[in-house]
Amino acid sequence: MQQLRKLQSGFTTSTGQTGREASLQHIERFLTESDKNSPLLKLLAGWAKSLMQHGGRVKSRLAVSSVATYLSNIARPLLAHGYEIDDVQALDAGEWQALYERVISDAKNPGSRARVQNRLRQFHDYVIDTQAAPDVELEVGKGTASLADTNIITPAEYRRALAIIESSRQPKRFRTMQSLALMLGYRMGLRRSECASLLVRDVAYVLDHDEVPGELLIRANQFHKGKTYSAKRRLPLWLLMPDEKRQLIDWCQRRRGESTTQAAEKHLLFCRSGGGTLPLGDKEIFRPIQTALKTVSGDATLRYHHLRHSFVTFTLLRLLERTPGELLPDAWQHDDEGHIAMPNLDADISAQAGLVPHTSPSRKRLWQLALWAGHASPDETLDTYSHLVDWTLGHTLRQRIDPLVTIDMQMELLNASSKTSLSSWRSRHKLRRETHASDLLEPTQGDWKHYCAAMPQEDAWQLYRPPADNPLDTLTDAAFEWPEAITIYQGLRLIEQQEYRGIDPNTAIEQTARRFVVAPDQLAAWVDNGERLMQQKTRRDKQRFSRREQQDRRDELAAAQYLYMPELYRCMAPPIKPRVLKEAGQFFHQLLDWHHDKPDEAKESLAIFRRHMQRSTGHITLPDAHAIRCIRRMLRPLRCMIHTWLVVEVEEAAKKKAVKSYWAQETDIPQRRIELVPAASKSGKTRHWYGNADLKITREASYSSTQQPLWEAVRFSAFMALLVLGLTSSDEVHGAEAET
């Protein structure tokens with residue numbers, strides 16, 4: 001906190017340009033001299049600088065006093081809850097979300113919670129741009145904001161969400177994976193990242209032997225490092241999800257049948273067909289689950305992580321009970337049809353888990369729950385779920401506070417005319433000599449209904465009715481059915497191989513469509529689009545997407561059996577390295593999702609990329625700052641913003657500081673990632689005083705490295721997106737290239 005006070009003390013109270021420059025210089029010095037500061041504090045300082053230079057969502061730039069206020073809203077709780085974070089780029093969406101929820105929970109009233117939530121939304125937008133962080137769900141502009149960890153999903157809502165998913169028009173494969181991911185979150189308490197990175201071998205069972213206890217192993221792998229060491233755990237399928245265990249095993253058997261090699265064991269449990277090494281995105285698995293949960297509950301704030309909160313809540317209450325189901329209300333035990341919806345409700349789960357029976361006190365129950373939840377210790381569990389102690393205490397008090405009701409009190413309560421009539425009434429209802437309040441309430445509850453006060457929100461409670469239109473049907477899009485980018489390439493290669501052997505093109509397309517299970521008309525459109533793209537040339541009459549040395553041998557190379565993935569007449573050659581090819585496949589689907597969500601924005605950026613991309617170099621020569629911003633906008637869904645460099649050709653006499661300042665302000669690229677080089681023209685002159693800018697996409701510390709795997713992945717994925725979307729000419733993009 002001392003470093004935070006040092007940062008805040010540098011915001012001068014003087015107004016005007018002088019005060020702004022002094023504050024900016026202070027932030028620059030702070031960022032330069034703060035190597036030992038926490039990563040979050042550096043991000044806060046960079047955010048403050050960005051607000052002063054480029055403003056927020058409304059104004060083009062903010063006053064120094066406003067920036068100081070923004071920092072004071074979130075800086076202290078953010079640093080307090082994130083003091084253990086050493087690497088912000090290692091955080092996944094769930095961890096960012098959990099951090100922000102803890103910050104919001106510190107707010108004292110609804111107004112301040114809404115204010116903090118708005119500031120966190122702006123801060124995280126900056127983090128996305130600068131650190132390639134995943135996006136999170138943060139509602140903004142609301143008058144109130146809910147506290148963290150309070151949303152509980154009842155078993156009835158859980159069953160409703162499953163029904164919504166199963167009745168949607170999504171492909172069967174995605175419906176199955178979404179249902180299983182919902183089950184694992186609700187019954188096993190898995191985090192989003194843990195669920196998405198499960199491998200086939202992580203489900204341990206013996207086929208056709210239900211008597212052998214099955215387990216789910218949560219452990220680090222090549223797709224997931226694990227939040228902490230304690231995140232590595234074993235979850236008993238037979239105890240936590242006995243009813244849904246068979247569906248999970250059936251899916252594992254199907255996944256094993258999709259591959260004929262032992263490599264299937266190391267493939268992802270949830271993936272596209274044939275893409276066992278490519279994790280699914282939010283659109284395919286988590287976003288539909290959250291939409292279903294919001295629909296069946298009426299709560300627009302529900303997220304996948306609340307499934308985990310519900311699991312820990314119900315399991316803790318089950319472990320604290322003295323009789324089965326004692327602490328669970330009836331509404332939490334049954335679904336809408338009145339069927340039991342909680343696993344092992346009539347059993348002693350403490351004894352089933354190998355602990356002492358529920359009649360005996362034991363601290364090991366809290367340790368067992370911490371192990372199942374992946375917490376370091378019960379301290380971490382109780383730190384979040386201590387409110388359940390109040391719930392248990394209230395239940396106990398309700399059982400204990402049951403006073404004796406005297407004869408005079410009974411006559412008054414029952415409005416009896418005499419003790420004789422009271423005695424007759426008691427005899428009819430078989431009441432004992434000593435009558436407690438609960439004994440008297442049971443036979444009279446039907447008659448006393450009109451004495452009960454109306455609930456303040458009685459009209460707000462309504463019976464659940466399934467929606468007339470399934471909300472997941474609106475999410476169904478052709479992008480769900482897109483095959484992998486490499487599958488499209490192999491289909492185009494098979495067509496050219498058949499054409500090389502003299503087969504008619506239409507016949508080749510029909511045979512290839514049957515081989516790769518795609519529509520013939522769709523494959524024919526890809527053939528035409530690829531041909532147009534590969535024929536495009538630069539202004540200097542050079543091939544834009546083709547290697548020059550392979551142009552005359554395309555047919556021969558496509559038909560050769562000894563070449564892995566050569567350039568085709570209708571498609572550029574994919575990256576050869578498996579790691580780069582895998583990343584290109586991920587980028588391909590992310591670009592399609594982006595086009596689905598923001599079609600106009602995607603068309604403009606992809607059209608500019610198509611016009612200015614070169615095959616021979618990683619530099620993208622762009623005409624102006626607007627074009628650069630469009631390309632960076634395309635890199636945002638790919639989480640490559642942080643890997644963007646600007647190479648500017650300048651004259652020898654140019655003022656380098658002014659040039660860097662201009663490009664940093666126009667493109668939002670930090671000055672440390674702007675490199676100035678001498679102008680390549682013979683005269684050494686440039687058209688404008690601020691030089692000519694090239695964009696470079698690389699993860700290397702030095703942008704001049706000859707090997708650029710990230711650029712290869714971006715280039716191939718963008719080409720395949722242009723091919724399948726049909727963005728092959730400027731005629732199909734209205735005004736997309738007007739700036740050129």
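All figures in this text were calculated on a predicted structure; none of them were measured in a lab.
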Separation between [atom1] of [X] and [atom2] of [Y], rounded to the nearest 0.5 Å:
X      : Y      : atom1 : atom2 : answer
Ser360 : Leu355 : OG    : CG    : 11.0 Å
Leu302 : Ile289 : CG    : CD1   : 12.5 Å
Leu198 : Ile218 : CG    : CD1   : 5.0 Å
Ser386 : Asp379 : OG    : CG    : 11.5 Å
His334 : His339 : NE2   : NE2   : 9.5 Å
Arg192 : Ile285 : CZ    : CD1   : 9.5 Å

Taking the side chain as every heavy atom from C-beta outward, state whether [X] and [Y] have any atom pair closer than 4.5 Å.
X      : Y      : answer
His589 : Glu484 : yes
Phe314 : Met342 : yes
Arg255 : His267 : yes
Leu184 : Leu216 : yes
Thr295 : Arg160 : no
Leu199 : Glu265 : no
Thr154 : Asp335 : no
Gln253 : Leu207 : yes

Applying side chain to side chain contact (heavy atoms under 4.5 Å, CB included), can you list everything that pairs with [X], at least two apart in sequence or on another chain?
X      : value
Phe311 : Leu240, Thr315, Trp372
Arg465 : none
Ser167 : Asn470
Ala161 : Leu182, Ala292, Leu293, Val296

So ring-ring contact (aromatic ring centres under 6.0 Å, His included) across residues 280-304, not counting sequence neighbours, yields Phe286-Tyr304

Main-chain N/O of [Y] paired with [X] side-chain donor or acceptor, under 3.5 Å:
X      : Y      : result
Asp346 : Pro324 : no
Glu157 : Ile153 : no
His375 : Leu371 : no
Asp473 : Asp469 : no
Asp336 : Tyr464 : no

Can you name the nearest heavy-atom pair linking [X] to [Y], along with the distance?
X      : Y      : result
Leu431 : Asp439 : CD2-O, 3.8 Å
Leu162 : Met183 : CD2-CE, 4.2 Å
Leu369 : Thr381 : CD2-CG2, 4.0 Å
Ile165 : Arg175 : O-CD, 3.1 Å
Val203 : Arg256 : O-NH2, 4.4 Å
Pro443 : Leu440 : CD-O, 3.3 Å

Residues, nucleotides or ligands: over 12 heavy atoms within 6.0 Å of [X] [atom1]:
X      : atom1 : result
Gln222 : CD    : yes
Asn109 : CG    : yes
Arg428 : CZ    : yes

Taking side chain to side chain donor-acceptor pair (under 3.5 Å) as the definition, give me every residue that meets it alongside [X], ordered by chain and number, with sequence neighbours left out.
X      : answer
Glu215 : Arg234
Gln410 : Arg426
Glu321 : Arg318
Asp348 : none

Derivation and outcome, side-chain contact (heavy atoms from CB on, under 4.5 Å), residues Thr176 and Lys172:
CA-CA 6 Å; Thr176 302; Lys172 175 62 177 177; 3.7 Å; yes

Which pairs, with at least one residue in residues 349-359 and sequence neighbours excluded, count as a side-chain hydrogen bond (donor to acceptor under 3.5 Å, both in side chains)?
Ser350-Arg365

For Asp106 and His81, does a side-chain donor sit closer than 3.5 Å to a side-chain acceptor?
yes

Any side-chain donor near an acceptor of the partner, Gln247 and Ser179, under 3.5 Å:
no

Take the angle between the ring planes of Tyr186 and Tyr158 and call it parallel below 30°, perpendicular above 60°, tilted in between.
parallel

Trace of the side-chain contact (heavy atoms from CB on, under 4.5 Å) decision for His309 with Tyr385
CA-CA 9 Å; His309 292 322; Tyr385 299 95; 2.9 Å; yes

Checking Trp367 now: which residues fulfil ring pair (Phe, Tyr, Trp, His ring centres under 6.0 Å) with it, not counting sequence neighbours?
none

Determine, step by step, whether Thr435 and Leu404 satisfy the side-chain contact (heavy atoms from CB on, under 4.5 Å) criterion, reporting the C-alpha distance in whole Å, the side-chain angles of both residues, the deciding distance to 0.1 Å, and the verdict.
CA-CA 6 Å; Thr435 305; Leu404 288 171; over 6 Å; no

Using the salt bridge (Lys or Arg N to Asp or Glu O under 4.0 Å) rule, collect all pairs that involve residues 241-250, keeping only residues at least two apart or in two chains.
Arg187-Glu244, Asp210-Arg246, Arg246-Asp250

Among Arg287, Gln170, Arg173, Glu284, which residue meets the side-chain hydrogen bond (donor to acceptor under 3.5 Å, both in side chains) test with Gln178?
Gln170

Is [X] salt-bridged to [Y], going by a charged N under 4.0 Å from an acidic O?
X      : Y      : answer
Asp299 : Lys294 : no
Arg233 : Glu194 : yes
Arg219 : Asp202 : yes
Arg159 : Glu337 : no

Do Trp391 and His387 make the cut of ring centroids closer than 6.0 angstrom?
no

